[in-house]
There are 2 protein chains.
Amino acid sequence: MAGFLGQYEYQLDQKGRVSLPADYRRRVDDNRFVLLQWEPTHLTLFPMEAWAGVQTRMLELRRNDPAMSRLLRQITARAVEVEPDKQGRILIPARLKEAADLDGAVYLVGALDRIEIWDPARFDDAAPAPGDGSQELENAVYEIFG
Amino acid sequence: MAGFLGQYEYQLDQKGRVSLPADYRRRVDDNRFVLLQWEPTHLTLFPMEAWAGVQTRMLELRRNDPAMSRLLRQITARAVEVEPDKQGRILIPARLKEAADLDGAVYLVGALDRIEIWDPARFDDAAPAPGDGSQELENAVYEIFG
DNA sequence: CACTCTTACCCACTCTTCCCCACAATCACC
DNA sequence: GGTGATTGTGGGGAAGAGTGGGTAAGAGTG
């Protein structure tokens, strides 16, 4: 099965809820996610299945590494486990909403094994038109798609 | 079985749908495709079987490489999983339609393991007459057809 | 215990999307 | 050349999806 794909523009309502695309919901069976911010630009929503791998890598990397341990603590402190309501919406805690500058319209972006939640302005700024990348990256893309 | 071959001119109807050539449909059994834009000139339609390999390479290459991760995010955002309806048509999202400058007539072009969707004018412009390529490319052709 | 604030469930409305039926043209085959 | 199946194209209607808000249950606080 293909992973999460596409870019959807949805509304964040006054209670801080966003719908998940019905297509995404159909792809996960247990309806459990972990929402967190590990990049400054956006939030990331992991299905529980993908989260398991992340968690394993975190436990390994923080072993015997105090600096890494402190960094990961800051990330996990702001992470939440979320579950969509019967209408398929998840609640975004106020802290994370502010951290990612979300309000009003948001993009839900599929990134294969995870879903990203973006402020539309930030996402569009970050978008290189196809063909704008460096030569090195261009070549890598051809390595992927052949 | 030979891969996808040929060039068909079809109509994009007012709802944004295109028929797939019946010949192509017979070549895939599960009727599931991924449609995306990874080259600026056209859209690419991967049968799920071919997509699986692409996705695996994407997951590998983006690990430990933030620049690649950003680039791939923009590509997966412009992708959709599509499934032909009972008439054998797929729906092309408005965003992709505009990105590839599609409207009215389109070409469906077979490229072995994938299908490309082109604006006819762009495709004809991009066509080199046989013999126009560099010497290096000429030689490569002889390596293939020998 | 009473009060407040947050969270979750439910109902209702609107709009899009997708499913299905129908026509027309083409091709294949007797 | 007629006939029937297949294929591309168009459109109507029902189911589903996104959005908003009212109300009840729960957690935290004084």
Side-chain angles (χ1 to χ4, degrees), chain A residues 2 4-36 43 45 78-99 102-110 115-120, chain B residues 4-35 45 79-98 102-110 115 117-120:
Chain A
F4 299 105
L5 300 173
Q7 167 188 338
Y8 301 83
E9 178 170 344
Y10 282 170
Q11 293 299 319
L12 199 66
D13 69 19
Q14 291 175 349
K15 297 184 180 179
R17 302 173 295 186
V18 226
S19 287
L20 294 184
D23 173 47
Y24 290 177
R25 269 177 278 156
R26 277 189 286 266
R27 285 172 195 278
V28 295
D29 13 84
D30 64 349
N31 251 15
R32 292 161 65 232
F33 296 88
V34 170
L35 176 67
L36 56 83
L43 305 182
L45 185 66
R78 283 138 59 100
V80 230
E81 180 173 344
V82 296
E83 197 161 346
D85 64 14
K86 268 194 175 158
Q87 281 68 38
R89 293 175 288 198
I90 57 166
L91 177 69
I92 299 187
R95 211 171 320 119
L96 289 176
K97 230 173 59 183
E98 289 157 18
L102 301 178
D103 123 80
V106 299
Y107 282 169
L108 295 179
V109 181
I115 300 159
E116 298 180 347
I117 303 178
W118 285 78
D119 168 48
Chain B
F4 300 107
L5 300 173
Q7 167 187 341
Y8 300 82
E9 177 170 345
Y10 281 169
Q11 292 299 319
L12 199 66
D13 70 19
Q14 291 176 350
K15 295 186 179 179
R17 302 174 293 187
V18 225
S19 287
L20 294 184
D23 172 47
Y24 290 177
R25 268 178 276 157
R26 276 189 287 267
R27 286 172 195 278
V28 296
D29 13 85
D30 65 348
N31 251 17
R32 291 161 65 232
F33 296 88
V34 170
L35 175 68
L45 186 66
V80 233
E81 181 172 344
V82 296
E83 197 162 344
D85 62 15
K86 257 190 178 168
Q87 283 66 39
R89 293 174 290 195
I90 58 166
L91 177 70
I92 300 188
R95 193 160 18 92
L96 291 178
K97 233 173 55 185
E98 290 158 18
L102 301 178
D103 124 79
V106 299
Y107 282 169
L108 293 179
V109 181
I115 300 159
I117 303 179
W118 285 78
D119 168 47

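So that the names make sense, note that chain A is the first sequence line, chain B the second, and so on, each numbered from 1.
- Within the 4.0 Å cut-off from OP1 or OP2 of C/dC10, at least one side-chain nitrogen or oxygen of A/K86 is found.
- Taking every side-chain heavy atom of B/Q87 into account, D/dT9 is the closest of D/dG11, D/dT9, D/dT19.
- Regarding A/Q14, its CD atom lies at a distance of 10 Å from the P atom of D/dG22, rounded to whole Å.
- Here the C1' atom of nucleotide D/dA17 and the CD atom of A/E9 are 16 Å apart, to the nearest Å.
- Relative to the side chain of B/R17, the nucleotides C/dC10, D/dG11, C/dC18 differ in distance, and D/dG11 lies closest.
- Other residues, nucleotides and ligands contribute more than 12 heavy atoms inside 6.0 Å of the CG atom of A/N31.
- Between A/Y8 and A/P21 the shortest heavy-atom distance is CD1-CG, 3.6 Å.
- Mapping B/A22 and A/D13 onto DNA chain D via the closest heavy atom, the residue that lands nearer the 5' end is B/A22.
- We find that CG of A/D85 is positioned 12 Å from P of D/dT19, with the value rounded to whole Å.
- The phosphate of D/dG11 has neither OP1 nor OP2 within less than 4.0 Å of any side-chain N or O from B/R89.
- In the set D/dA17, D/dG22, D/dT9, D/dG22 carries the atom at the smallest distance from any side-chain atom of A/K15.
- Note: CZ (A/R25) to C1' (D/dA17) measures 7 Å, nearest angstrom.
- Pair check for C/dC9 finds D/dG22; Watson-Crick or G-U wobble, both atom distances under 3.5 Å.
- Out of C/dC21, C/dC18, D/dG18, the shortest distance to the side chain of B/L91 is found at C/dC18.
- For the pair A/L108 CG and D/dA17 P, the interatomic distance rounds to 15 Å; values are reported in whole Å.
- The distance from atom OH of B/Y24 to atom P of D/dG8 is 11 Å, rounded to the nearest whole Å.
- In this structure, B/E81 pairs ionically with A/R27, as a charged nitrogen and a carboxylate oxygen lie closer than 4.0 Å.
- Looking at the side chain of A/P21, the nearest of the listed nucleotides D/dG18, C/dA22, C/dC10 is D/dG18.
- With D/dG21, D/dT7, C/dC10 as the choices, the nucleotide that has an atom nearest any side-chain atom of B/R26 turns out to be D/dT7.
- Residue A/R89 comes nearest to A/S19 through the heavy atom pair CG-OG, 3.4 Å, listed as atom of the first residue, atom of the second, then distance.
- Here D/dG8 is the nucleotide among D/dG18, D/dG8, D/dT9 with the atom lying nearest to any side-chain atom of B/Y10.
- To the nearest angstrom, C1' of C/dT17 lies 16 Å from CD1 of B/I92.
- Note: CG (A/D23) to C1' (D/dA17) measures 12 Å, nearest angstrom.
- Taking 4.0 Å as the cut-off between side-chain N and carboxylate O, B/D30 and B/R32 count as a salt-bridged pair.
- Across all strands, B/L20 comes closer than 4.0 Å only to sugar-phosphate atoms, never to a base (heavy-atom distances).
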